[in-house]
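The structure under discussion appears below in the form of structure tokens.
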Amino acid sequence: MSGIGLAVIGAGYWGPNLVRNAASTPSLDLRWLCDLDEQRARVVLGRYTTVKSTASYERVLADPAVAAVAIATPAATHFDLVRAALEAGKHVLVEKPITSSVSDAAKLAGLAECSGLVLMCDHTYCYTPAVRRIRDLIRGGEIGEVQFVDSVRINLGLVQPDVDVLWDLAPHDLSILDFVLPEDVVPVAVAAQAGDPIGAGRACLAYLSVWLSTGALAHVHVNWLSPTKIRTTVFGGSRRTIVWNDMNLGARLMVHDRGVDRVPAGSLAPEERRQALISYRVGDTHVPALPEQEALSSVLSEFGAAIEEHRPPLTDARAGVRVLQLLEAASRSADNGGTRIPVRMEAGS
Ligand SMILES: NC(=O)c1ccc[n+]([C@@H]2O[C@H](COP(=O)([O-])OP(=O)(O)OC[C@H]3O[C@@H](n4cnc5c(N)ncnc54)[C@H](O)[C@@H]3O)[C@@H](O)[C@H]2O)c1
């Protein structure tokens, strides 16, 4: 039996990665590549292929052999394209960010739920072996209570024509936070500062703070202007600390048994209290072994599995909505000089 009939929409920078991985996913059967520039789609497919190219999205949606679409077009087009696909009865995988506003994303999430269709967000990093292990370590209690998260994602990046750096890069960090934090640890407020020192007309670097319900604080630095590429996130816990350096291929994750312990004041004599309230712990560092596996291959397998098993995918539309809630609040804060904006998150993660 052949797999789920799939069309990829968008043959720009990211779409070809979906095409390559879809072609090697057993549960999927790639049938179309659609781009407004059909020539671009043809070049991506090459000469020896049975996959059809077209510039007409309507033609793809009208094909009864297509049960699902994977959309990799600019963010501003996502709402209309996803809605049309859902209304045509197709399952949808859509690139981050799911739409350009929370209200649009919530409409799509509701439409998919009412129609019994899968609507999945490509929050790619959530499918990397490193992030999956981080989630297991945090949710399994290995590092204790999360006290802080510090993420740096900086590089010489393409200044995007339609979104600023917050909307381009921070969805990665915010979707990772959403994925790894325990379900009862949720963002309660956001503040962001953003800058455009080259006069590009949109923010090219930004600093984003996210306060969590436990009192912990997460910080994200995204930047298109850095000559050095840094992709490091530190998850500080009450028992251990995880350092994820995605550029260190041999040891992407390190788990440090080091930290600061607070000695309960009641257990100390009054004369000991002043010096002994804080004690430093210096223990071993552990490097978990991780499989080398392309995240996008797991994204497409999960999409196929969610459709076959009639269940929500790991990163469903509600996860996309929660990421947008933080992004919208961050933009509002940045527009208001970095003021703290309270957020009330969608339930469930
Ligand atoms: N998950 C990731 O790590 C990751 C990485 C890069 C980009 N992305 C996301 O992928 C999406 C696309 O980004 P990109 O960098 O590939 O953009 P791009 O501009 O390089 O390519 C977009 C393509 O979509 C086509 N297109 C636009 N509207 C269309 C329509 N209505 N029908 C058919 N084709 C249409 C354009 O002709 C273009 O070829 C964005 O949402 C971006 O955030 C995700």
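Both ligands and their constituent atoms are indexed starting at 1 by order of listing.
- Residue Thr124 touches ligand 1 through its side chain alone, judged by heavy-atom distances below 4.0 Å.
- Atom 21 (O) of ligand 1 has its closest protein heavy atom at Gly12 CA, 3.3 Å.
- For atom 19 (O) of ligand 1, the nearest non-hydrogen atom of the protein is Pro74 CG, 4.4 Å.
- Each of Asn223, Thr233, Asp173, Thr232 was checked for a side chain to side chain donor-acceptor pair (under 3.5 Å) with Arg153, and the lone residue meeting it is Asp173.
- Side chains of Gln293 and Ser298: a donor-acceptor N/O pair is present below 3.5 angstrom, by distance only.
- With hydrogens left out, the protein atom closest to atom 37 (O) of ligand 1 is Asp35 OD1, 2.6 Å, a heavy atom.
- In this structure, the separation between CG on Asp284 and NE2 on His256 is 11.5 Å, given to the nearest 0.5 Å.
- In terms of polar-atom proximity, defined here as any N/O pair under 3.5 Å, Asp37 makes no such contact with ligand 1.
- Residue His172 places a heavy atom less than 4.0 Å from ligand 1.
- For atom 30 (C) of ligand 1, the nearest non-hydrogen atom of the protein is Leu36 CG, 3.6 Å.
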Review point. Can Val69 and Val82 be said to form a side-chain contact (heavy atoms from CB on, under 4.5 Å), step by step?
Key: CA-CA 9 Å; Val69 297; Val82 173; over 6 Å; no
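- Side chains of Ser100 and Trp167: no donor on one and acceptor on the other come within 3.5 Å.
- Remark: the Thr228 side chain and the Ser226 side chain contain an N/O donor-acceptor pair separated by less than 3.5 Å.
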Exercise for review: Report the C-alpha distance between Glu142 and Arg240 in whole Å, list the side-chain angles of each, state the deciding distance to 0.1 Å, and finish with yes or no for salt bridge (Lys or Arg N to Asp or Glu O under 4.0 Å).
Suggested key: CA-CA 7 Å; Glu142 190 80 11; Arg240 294 195 178 85; 3.6 Å; yes
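- Relative orientation of the Tyr207 and His221 rings is parallel, given thresholds of 30° and 60° on the angle between their planes.
- Contacts with ligand 1 closer than 4.0 Å are made by side-chain heavy atoms of Ile9 only, the backbone lying farther away.
- Counting only N and O atoms by type, the side chains of Trp32 and Asp63 include a donor and acceptor under 3.5 Å apart.
- Contacts between Lys96 and ligand 1 below 4.0 angstrom, taking non-hydrogen atoms only, involve backbone and side chain alike.
- In the vicinity of Gly10, heavy-atom distances shorter than 4.0 Å reach the ligand 1 atoms 24 (O).
- Taking only nitrogen or oxygen atoms, main chain and side chain alike, Glu95 reaches within less than 3.5 Å of ligand 1.
- In terms of polar-atom proximity, defined here as any N/O pair under 3.5 Å, Gly15 makes no such contact with ligand 1.
- For ligand 1, the polar-atom distance check finds no N/O of Asp168 at less than 3.5 Å from any of the ligand's N/O atoms.
- Counting only N and O atoms by type, the side chains of Arg42 and Gln39 include a donor and acceptor under 3.5 Å apart.
- Residue contacts with ligand 1 include His78, since one or more of its heavy atoms lies under 4.0 Å from the ligand.
- Annotation: atom 38 (C) of ligand 1 to nearest protein heavy atom, Arg40 NH1, 3.2 Å.
- Scanning the protein for heavy atoms near atom 11 (C) of ligand 1, the closest one is Thr73 O, 3.3 Å.
- Here the protein heavy atom with the shortest distance to atom 16 (O) of ligand 1 is Trp14 N, 2.8 Å.
- Residue contacts with ligand 1 for Tyr57 are absent, since no atom lies close enough (heavy atoms, distance under 4.0 Å).
- Closest protein heavy atom to atom 17 (O) of ligand 1: Tyr13 N, 4.5 Å.
- Note on residues 108-118: pairs passing side chain to side chain donor-acceptor pair (under 3.5 Å), not counting sequence neighbours, are Glu113-Arg318.
- Tyr127 and Ser301 are not linked by any side-chain donor-acceptor pair at a separation below 3.5 angstrom, with hydrogens and angles left out of the test.
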